Structure formats: C-alpha cells, structure tokens
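Notes for the one structure printed next.
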Amino acid sequence: MTTYDLIIKNGKIVTAESTVQGDIAIKDGKIQEVGQSLEGTADRVIDAEGLHVLPGLIDTHVHFNEPGRTEWEGLETGSRSLAAGGVTTFFDMPLNSTPPTINKKNLDLKKACADEKSIVNPHYWGGLVPENIADLKELHENGVIGFKAFMSPSGIADFNHVDDETIFKGMKEIASLGSRLAVHAESTVICDQLAEEKQKQGKTTARDFVESRPIISEIEAVRRIISYAEATGCKVHVVHASSRKVVEVIRAAQERGVGITVETCAHYLALTVKDLEEKGGLAKCCPPLRDEDEVEDLWAAVANGEINVIASDHSPAPASMKTITDNYFEGWGGISGAQSTLNVMLTEGYFKRNLPLEKIVALTATNPAKLFELDGKGTIAKGYDADITLVNLEESFELKNEDLFYRHQHSPYVGMTFKGKVKSTIVAGEVVFENGEITASKKVNA
C-alpha cells in the first residue's frame, strides 16, 4: 500500500473545467493522485467533507516593499496574509523596495529576503525605468516574471515613470527576450492637468480626486501602449483596469492579434466612490474607485470572459500615510487587500452574481499560471505542485482588524461580511494556514 505525506479526502475539487467529489494524495510537495476513494496511508489525513478544494490562488500583483520599506509591509507579514486568504504564489512589484528591483544586484537582495521570510511561493517583477534598459536582459536571465513600467508618476522617488521613447526602446528589448511588460496605464498629462485645476479651485473632495483621474485617462494610455505593442511585438499586460470601457479597448486589440492581456482587482469589483467618501484614505487607490454602474459593468466583463486575471494590487502603508482629512489629493494611494481577494470573488461573484466557481479558479489560479508559464501550478491534477486551498462556502464572517496578518491591520474591507471562509492553505504539501492560524514550520521556496 502506498504511503503519502498527506491525503485530502471527500472534498469537492474545483478546477477551471469542473467540480467533482474526490480525494487528493500528496507526497514530496506534489500531487500524486486525484480520484475517488483513493487507497493508501498518509502521515496526515484531512477530511474535507463539506469543503471545496481549490488550487491555491496566484496573486500576480502585490507590493511587499522589502528590502527598504519594511515599515510599510514585509515579506513575512505579507506572505502570511496571503496564506490566510488562500493564496499560495505571489508576484512582487519592483518599485516600493529601496533599492527598487531594477538590476540583478537589487533582485538578489529581494530574493534573499523572500528566501528567509516568505511562507508562500515568491516571484518577482523587474522594473522598466529610464535608466535601466541595459539591465533588462540580466534581470530576465535571473528569473523575473516580467517587467513593470509606470506610464504616469509612481509616487516613489527612486522609481521613475517612463517617457514614450523609453517605453518604446524597453519594449523592443523585452520583446527580444520573449518576456512581457506590465503597465500602470494612466495619462500623466490628463491626470496632472485635471488635478492642478481642481486644487487651484479648492476642490479636494473624494469625488474631485476621482474626477481628476477619469476613465479616459486609462483609455488614452492603453491606446498608446497598444500602438507600441503592435510596432515592437512586445507582449503587454495592463494592470488594475478600473472600468469595462478600458477592457473593451484591450479586447479590440486582442481580436486583431495584439499580444495584450488585462487584469482587474478585487477592490474595483467590491468598492465604489461612496466607499472612498466614507472610508477615507483606506479606500484611496490609483486608478481610483468608480461608481456603482462601472462596478456592475466590470462584473459583466468578468462573467463574459473579457478579463484575464484577478489580482489584489496590495499596496499597503502605515496608518499615518492613509489618513485624509479634507484633501483627497493627499495620502498614499494604495489599498491593503491581499488577504481578501478570494472572499470578494466568492461573496460578490459566486453568491451575489452567480459567477461559477470554475471561472473564479480560472481567473485567480489557472489563467495566471498559463499566462506567466508557471509549470506545475494553477490546477489540481496529478504531477502538479500541491498548492491548495480548502474553503467552507457555507461559513460567513465579518472581517475585523485583528483578523488581518498585515503589518498594519487596516483595510477598506474591514467591517464587511463575507460568505465563504478559507479553512486551510497548503503550499508544496505543507499546511501553512489552518483555522485562523499560521502553521508553517518553515519558509517556502518557489
């Protein structure tokens, strides 16, 4: 009789294709068998009766800020919050670290931090900035998942946004490497001019801030990056699209063969301008939250298969940086949300809008794994990595500050009631989170 490290029995196993009742046998960090009434013994058996068993989420967009800004968030607290939210793999953005991840030396610093502290699988974006085109090849050779550029100011002094010449040259180099460029797509001209006009007039409310970063600003930048993609052949990934109007421009480009994909984030599917008005800086982000009709249109895009990936864009900061009194142009623009992506997708998607579980798995695990060529990840099947999340769909809870594993226990999702609770998270066959507690005995390497 075969002996395994772990057997998960009697769960409803969800993949992008189907949901079936069955067992999962795991050994040496890999899924050995998937089927009904599997025979064999194991060091541990988890009875998943009444639970749904999902592939661990892959969050393609987080800012963990280490090294250098660990007082904002670090790899230890950040990875623990992901584990508590059912996430088993993340892609860390290059800009908030000091120094930023724009060359091999800085990438090595970040890798060393993650090797020591992360309890889930880390991957890293490299940066594209005006001064580092010559470094892109070495970054690629050392394993970055792709490159990230800002088409408007990043808010970080040592991570400069790209002008048109830089981004074009960078895209030619990235195309030659067979890699991909992720872009923060907002128009500097539109946003800066509108923000200046608003503030000169003393208009600094939440609504004024949102109006200074309109959807057309995203559309302008996306149209520009599409033209560069067509000219260079570079694959492009547009991050945090806040509106279906942006997605429609991308879809049109896809239909004519442009290698472009699009991500949206949980907060654009769960929060509105009203939340920004009520919650203040906790709900400030860039691009900003939109009105309720835009949220519903974005859900329609999700349901229709127009979105490729759902991520968190977890961009934390200390409470002092998120405090806004009467001027919404002040305060850090980033939402703490890494722990709540699956909760949003289940509550707002599956329960409220009848989005199939299979589609949620595709958006949060299978599609990211395929898009970024993560072998052995993104589904539950024989031979794949044992990165798994167990969820009780019948359990509801109100999110409280003390539930958060972030360095700073605040989030615009606090106070919301979610249906569908993560019970266990398994990374490479090890249970790293269970029943509200971190259980990892060691860090986990990618």
Side-chain angles (χ1 to χ4, degrees), residues 61 93 95 127-130 148-157 159-168 170-171 181-231 236-253 258 260 262-265 267-268 271-273 276-277 281 283-295 297-298 301 313 315 324 327-335:
H61 192 156
M93 284 294 174
L95 64 149
L128 169 60
V129 293
K148 170 70 178 295
F150 273 71
M151 300 177 73
S152 57
S154 71
I156 300 295
F159 194 92
N160 297 313
H161 72 289
V162 289
D163 56 28
D164 287 350
E165 181 178 349
T166 296
I167 202 166
F168 192 87
M171 290 175 73
L181 179 68
V183 289
H184 178 123
E186 288 184 287
S187 164
T188 303
V189 172
I190 292 174
C191 293
D192 283 359
Q193 293 300 311
L194 291 178
E196 183 179 349
E197 290 173 11
K198 290 280 190 183
Q199 291 178 88
K200 279 184 177 179
Q201 297 167 10
K203 296 181 177 180
T204 59
T205 67
R207 176 68 62 179
D208 292 318
F209 171 73
V210 171
E211 290 177 351
S212 77
R213 303 183 87 100
I215 294 167
I216 192 62
S217 167
E218 292 181 69
I219 291 173
E220 188 281 329
V222 167
R223 284 174 174 161
R224 192 159 21 110
I225 204 69
I226 287 170
S227 67
Y228 296 165
E230 292 185 279
V236 173
H237 184 62
V238 176
V239 299
H240 52 50
S242 72
S243 166
R244 192 180 191 183
K245 297 180 179 68
V246 178
V247 176
E248 287 170 346
V249 175
I250 294 167
R251 289 285 288 180
V258 180
I260 186 169
V262 60
E263 156 205 306
T264 193
C265 303
H267 46 268
Y268 297 119
L271 305 172
T272 68
V273 181
L276 179 60
E277 293 171 333
K284 181 182 177 182
C285 57
C286 299
L289 300 175
R290 303 301 181 186
D291 285 314
E292 188 173 348
D293 59 339
E294 291 291 343
V295 172
D297 279 350
L298 200 56
D313 190 8
S315 186
I324 294 176
N327 186 350
Y328 274 78
F329 290 90
E330 299 175 352
W332 179 254
I335 281 177

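Note that the structure is a prediction, hence the values are computed from the model and not measured.
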inquiry  = Once you measure the plane-to-plane angle for His184 and Phe150, does it fall in the parallel (<30°), tilted (30-60°) or perpendicular (>60°) bin?
reply    = parallel

task = Using the ring pair (Phe, Tyr, Trp, His ring centres under 6.0 Å) rule, collect all pairs that involve residues 196-230, keeping only residues at least two apart or in two chains.
result = Phe168-Tyr228, Phe209-Phe329

inquiry  = Quick check for you: to the nearest 0.5 Å, what is the distance between Glu186 atom CD and Cys191 atom SG?
reply    = 4.5 Å

ask   = So do Val262 and Arg251 actually touch side chain to side chain, heavy atoms under 4.5 Å?
value = no

ask   = Crowded around Glu292 CD? As in, over 12 foreign heavy atoms under 6.0 Å?
value = no

inquiry  = So does Glu294 get a backbone contact from the side chain of Asp297, meaning a donor-acceptor N/O pair under 3.5 Å?
reply    = no

message = Nearest 0.5 angstrom please: Ile335 CD1 to Cys286 SG, how far?
response = 9.5 Å

task = Of all the heavy-atom pairs spanning Ala229 and Val236, show the shortest one and how long it is.
result = CB-CG2, 3.8 Å

task = Compare every heavy atom of Val210 with every heavy atom of Leu289, then report the nearest pair and how far apart it is.
result = O-CG1, 3.7 Å

query = Is the shortest side-chain N to carboxylate O distance from Glu197 to Lys203 below 4.0 Å?
reply = no

remark   = Closest non-hydrogen contact found for Ile156 with Trp332 is CD1-CH2, 3.7 Å

inquiry  = Rounded to the nearest 0.5 Å, what separates atom CG in Asp164 from atom OG in Ser227?
reply    = 8.5 Å

query = Do Met93 and His61 come within less than 4.5 Å of each other through their side chains, counting heavy atoms only?
reply = yes

ask   = Between Arg244 and Asp293, is a salt bridge (Lys or Arg N to Asp or Glu O under 4.0 Å) present by the stated rule, with each step listed?
value = CA-CA 10 Å; Arg244 192 180 191 183; Asp293 59 339; over 6 Å; no

query = Does a side-chain heavy-atom distance below 4.5 Å link Ser154 with His161?
reply = no

ask   = Can you find a heavy atom in the side chain of Ile190 that is under 4.5 Å from one in the side chain of Pro214?
value = yes

ask   = Can you check whether Thr264 reaches Val247 side chain to side chain, under 4.5 Å on heavy atoms?
value = no

Side-chain heavy-atom pair Leu276, Lys284 within 4.5 angstrom cut-off = yes

remark   = Between His240 and Asp313, the two heavy atoms sitting closest are CD2-OD2, 3.3 Å

task = Starting from the C-alpha separation in whole Å, work towards a yes-or-no answer on side chain to side chain contact (heavy atoms under 4.5 Å, CB included) for Val239 and Lys148.
result = CA-CA 9 Å; Val239 299; Lys148 170 70 178 295; 4.2 Å; yes

ask   = Closest heavy-atom contact between Pro153 and Thr188?
value = CD-OG1, 3.6 Å

task = Give, for atom CD1 of Ile167 and atom CE of Met151, the distance between the pair rounded to the nearest 0.5 Å.
result = 4.5 Å

message = Please check: side-chain N/O of Tyr268 versus main-chain N/O of Pro287, any donor-acceptor pairing under 3.5 Å?
response = yes

ask   = Does any non-hydrogen side-chain atom of Glu330 lie less than 4.5 Å from one of Ile324?
value = no

Heavy-atom pair of closest approach, residues Val273 and Asp291 = CG2-OD1, 3.5 Å

query = Can you check whether Ser187 reaches Gln193 side chain to side chain, under 4.5 Å on heavy atoms?
reply = no

message = Nearest 0.5 Å, please: how far is CG in Leu181 from NE2 in His237?
response = 10.5 Å

key: Member of Arg290, Arg224, Lys245 meeting the salt bridge (charged side-chain N to carboxylate O under 4.0 Å, His left out) criterion with Glu218   = Arg290

inquiry  = I need the Ser243 OG to Leu298 CG distance, nearest 0.5 Å.
reply    = 7.0 Å

